[in-house]
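Right, one structure below, let's go through it.
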Protein chains: 2
Amino acid sequence: MHASSLPLPRPLLERLAAYHQIATQHGELGNVSIRSGHLAALLDIDPTLVRKDMAALGVVGRPKVGYPISAVLPRLDHILGLTDRKNAILIGCGDLGSALARYGGFSKYGLQISALFDADEAKTGRTIAGLTVQPMEKCRRYIEIFRIEMAILAAPAGCVQELADWLVARGVRAIWNFAPVHLKVPVGVVVRNENLALGLAQLLHEIKRTKTAPSLAEAPEPTGTRLESA
Amino acid sequence: MHASSLPLPRPLLERLAAYHQIATQHGELGNVSIRSGHLAALLDIDPTLVRKDMAALGVVGRPKVGYPISAVLPRLDHILGLTDRKNAILIGCGDLGSALARYGGFSKYGLQISALFDADEAKTGRTIAGLTVQPMEKCRRYIEIFRIEMAILAAPAGCVQELADWLVARGVRAIWNFAPVHLKVPVGVVVRNENLALGLAQLLHEIKRTKTAPSLAEAPEPTGTRLESA
DNA sequence: TAGATTGTTAATCGATTAACAATC
DNA sequence: TAGATTGTTAATCGATTAACAATC
């Protein structure tokens with residue numbers, strides 16, 4: 001049971017997740033295999049890179065045909081850890097929290113939201129996606145009893161760091177944070193700060209870039225490292 | 001009015017957005033400046049890299065003090081395009097759409113959601129975040145009149161590609177897609193596929209990695225390129 | 001001053017791309 | 001067969017890190 005622990009670089013991980021999404025869609029359209037050129041075109045990357053990734057995944061393709069989707073998806077599932085069933089609690093049941101609780105996409109990837117909590121009494125008792133929103137007082141015991149290791153935070157930005165500290169102290173080892181705050185956690189705890197504004201920034205930047213780059217015969221960059229002339 | 005059009009690499013863009021978030025928080029705590037070491041520790045990167053980024057941004061720091069937040073934030077605002085005011089429409093007012101409409105974080109970054117649409121008659125007429133949900137029939141005219149260039153899609157996965165095509169044909173140039181589908185758009189149109197499952201995949205992978213890497217004296221990797229032994 | 005931190009060049013490292021052979 | 005596509009090595013490119021000087 002050897003499990004290598006290469007910290008897959010971010011861009012690679014993003015590609016793999018995108019391959020998964022695209023291959024799934026492609027398969028649902030009735031296709032049996034998928035070409036490197038197809039994936040590459042959709043992701044705007046070099047086909048060679050896709051082939052290299054496939055080789056690294058251990059998937060073998062056939063010239064003129066492509067890679068069998070039935071081989072690609074399980075490999076991606078495995079590498080991405082989507083097969084390991086995982087229970088999580090969700091804290092904060094406002095709009096975003098409710099959306100996440102109802103979001104069908106997670107269970108497909110092995111994530112089961114097993115309980116909902118909210119500090120706001122007005123929200124407790126409500127049922128979302130078949131689960132009753134519980135008061136925070138019950139959270140502690142729930143974590144202990146079910147040995148919860150993962151929490152999804154959709155609570156207000158102001159209290160989310162405190163909440164995270166509290167969860168970590170109670171044994172939670174992975175936090176998926178949707179509040180627009182950068183959480184600090186001790187080593188050994190995994191955190192992902194979702195930061196929607198980051199996505200927005202990327203989009204805005206891209207828009208700006210494509211708009212202000214009409215002429216190909218622009219004055220060549222003075223070979224500095226400045227991101228932009230002041 | 002020279003605007004260089006360097007396609008800022010993804011990791012850099014992510015760092016910049018994270019700097020923005022952290023520097024903002026740090027400033028709200030009453031600090032006037034921020035150190036490269038502080039940013040580096042939070043992001044788990046090398047301090048040198050932060051300093052290089054700051055230099056590229058054109059921000060000068062002071063030894064023993066750090067970088068003035070009042071200089072850092074405006075530069076980041078500008079590079080990330082957060083200062084350019086931008087109107088967008090939001091299509092799909094389920095839980096996720098509602099959450100996005102109410103999400104306060106966007107307006108702070110220059111994004112104004114100016115209208116909501118939904119194909120479901122049960123949802124039209126409702127008011128979310130001060131805006132009335134309008135039927136899709138009104139969407140076309142709205143785009144034309146207000147020359148909308150950006151759309152946020154929180155519609156069901158099944159119809160979102162068709163929707164995107166339709167929007168692009170009507171002049172929309174940027175799409176922020178929250179449906180778990182990889183959208184294809186013509187060149188010249190900017191799309192960001194938000195893909196929440198990707199975030200999940202990264203988190204799961206990280207969990208898996210840290211869990212299965214207890215011994216440092218593991219058998220050395222056979223110097224292949226395989227992501228994992230089969 | 002001493003010490004911490006910034007600034008910057010050079011070295012390293014790794015990821016992407018180019019080229020081309022192999023295969024269906 | 002011809003043509004398209006995979007597979008793989010070598011070359012390139014760019015990003016990160018190391019080292020150290022400069023500065024408060």
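Bear in mind the structure is a predicted one, so any value in this text is a computation, not a measurement.
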query = What integer distance in Å separates A/Arg35:CZ from D/dG7:C1'?
reply = 16 Å

message = Given 3.5 Å as the limit, does a donor-acceptor pair link the side chain of B/Asp46 with the main chain of B/Thr48, or not?
response = yes

note = Rounded to whole Å, the CG-C1' distance (B/Leu57 to C/dG7) equals 14 Å

task = Using both distances under 3.5 Å as the test, list the Watson-Crick or G-U wobble partner of D/dT17, or none.
result = C/dA10

request  = Grab the CZ-P distance between B/Arg51 and D/dA18 for me, whole Å please.
outcome  = 12 Å

ask   = Closest to the B/Leu49 side chain: D/dT16, C/dT5, D/dA19?
value = D/dT16

ask   = Counting any heavy atom closer than 4.0 Å, what does A/Pro47 reach on the DNA or RNA strands: base, sugar-phosphate only, or nothing?
value = nothing

request  = Verify side-chain contact (heavy atoms from CB on, under 4.5 Å) between A/Asp53 and A/Leu39, making sure each step is shown before the conclusion.
outcome  = CA-CA 11 Å; A/Asp53 288 340; A/Leu39 286 162; over 6 Å; no

remark   = Exactly one of A/Leu90, A/Leu183, A/Leu100 clears side-chain contact (heavy atoms from CB on, under 4.5 Å) with A/Leu153, and that residue is A/Leu183

Atom-pair distance (CG on B/Asp53; P on C/dT6), nearest Å = 13 Å

inquiry  = On DNA chain C, does the nearest nucleotide to A/Leu12 precede the nearest nucleotide to A/Pro63 from the 5' side, or the other way round? Give the residue.
reply    = A/Leu12

query = Does OP1 or OP2 of C/dC24 have a side-chain N or O of A/Tyr67 closer than 4.0 Å?
reply = no

query = Of the nucleotides D/dC24, D/dT17, D/dT8, which one has an atom closest to the side chain of A/Thr48?
reply = D/dT8

key: Exercise: do B/His182 and B/Asn177 side chains pair donor with acceptor under 3.5 Å   = no

query = What integer distance in Å separates A/Asp46:CG from D/dT5:P?
reply = 15 Å

message = Only pairs with both distances under 3.5 Å count, Watson-Crick or wobble alike; so what is the partner of C/dA22 in this structure?
response = D/dT5

key: Euclidean distance, atom NZ of residue A/Lys52 to atom P of D/dG7 [Å, nearest integer]   = 14 Å

request  = Answer yes when A/Glu194 and A/Arg192 have at least one side-chain N-carboxylate O distance shorter than 4.0 Å, and no when they do not.
outcome  = yes

inquiry  = In whole Å, I'd like the distance from the CD atom of A/Glu14 to the P atom of C/dA15.
reply    = 14 Å

request  = Please report, rounded to the nearest Å, how far the P atom of D/dA2 is from the NZ atom of A/Lys64.
outcome  = 15 Å

ask   = Heavy atoms under 4.0 Å, any strand shown: does A/Arg15 hit a base, just sugar-phosphate, or nothing?
value = sugar-phosphate

message = Looking at C/dC24, I'd like to know if its phosphate oxygens (OP1 or OP2) sit under 4.0 Å from a side-chain N or O belonging to A/Arg62.
response = no

query = A/Ser36 side chain N/O closer than 4.0 Å to the phosphate oxygens (OP1, OP2) of D/dT5?
reply = no

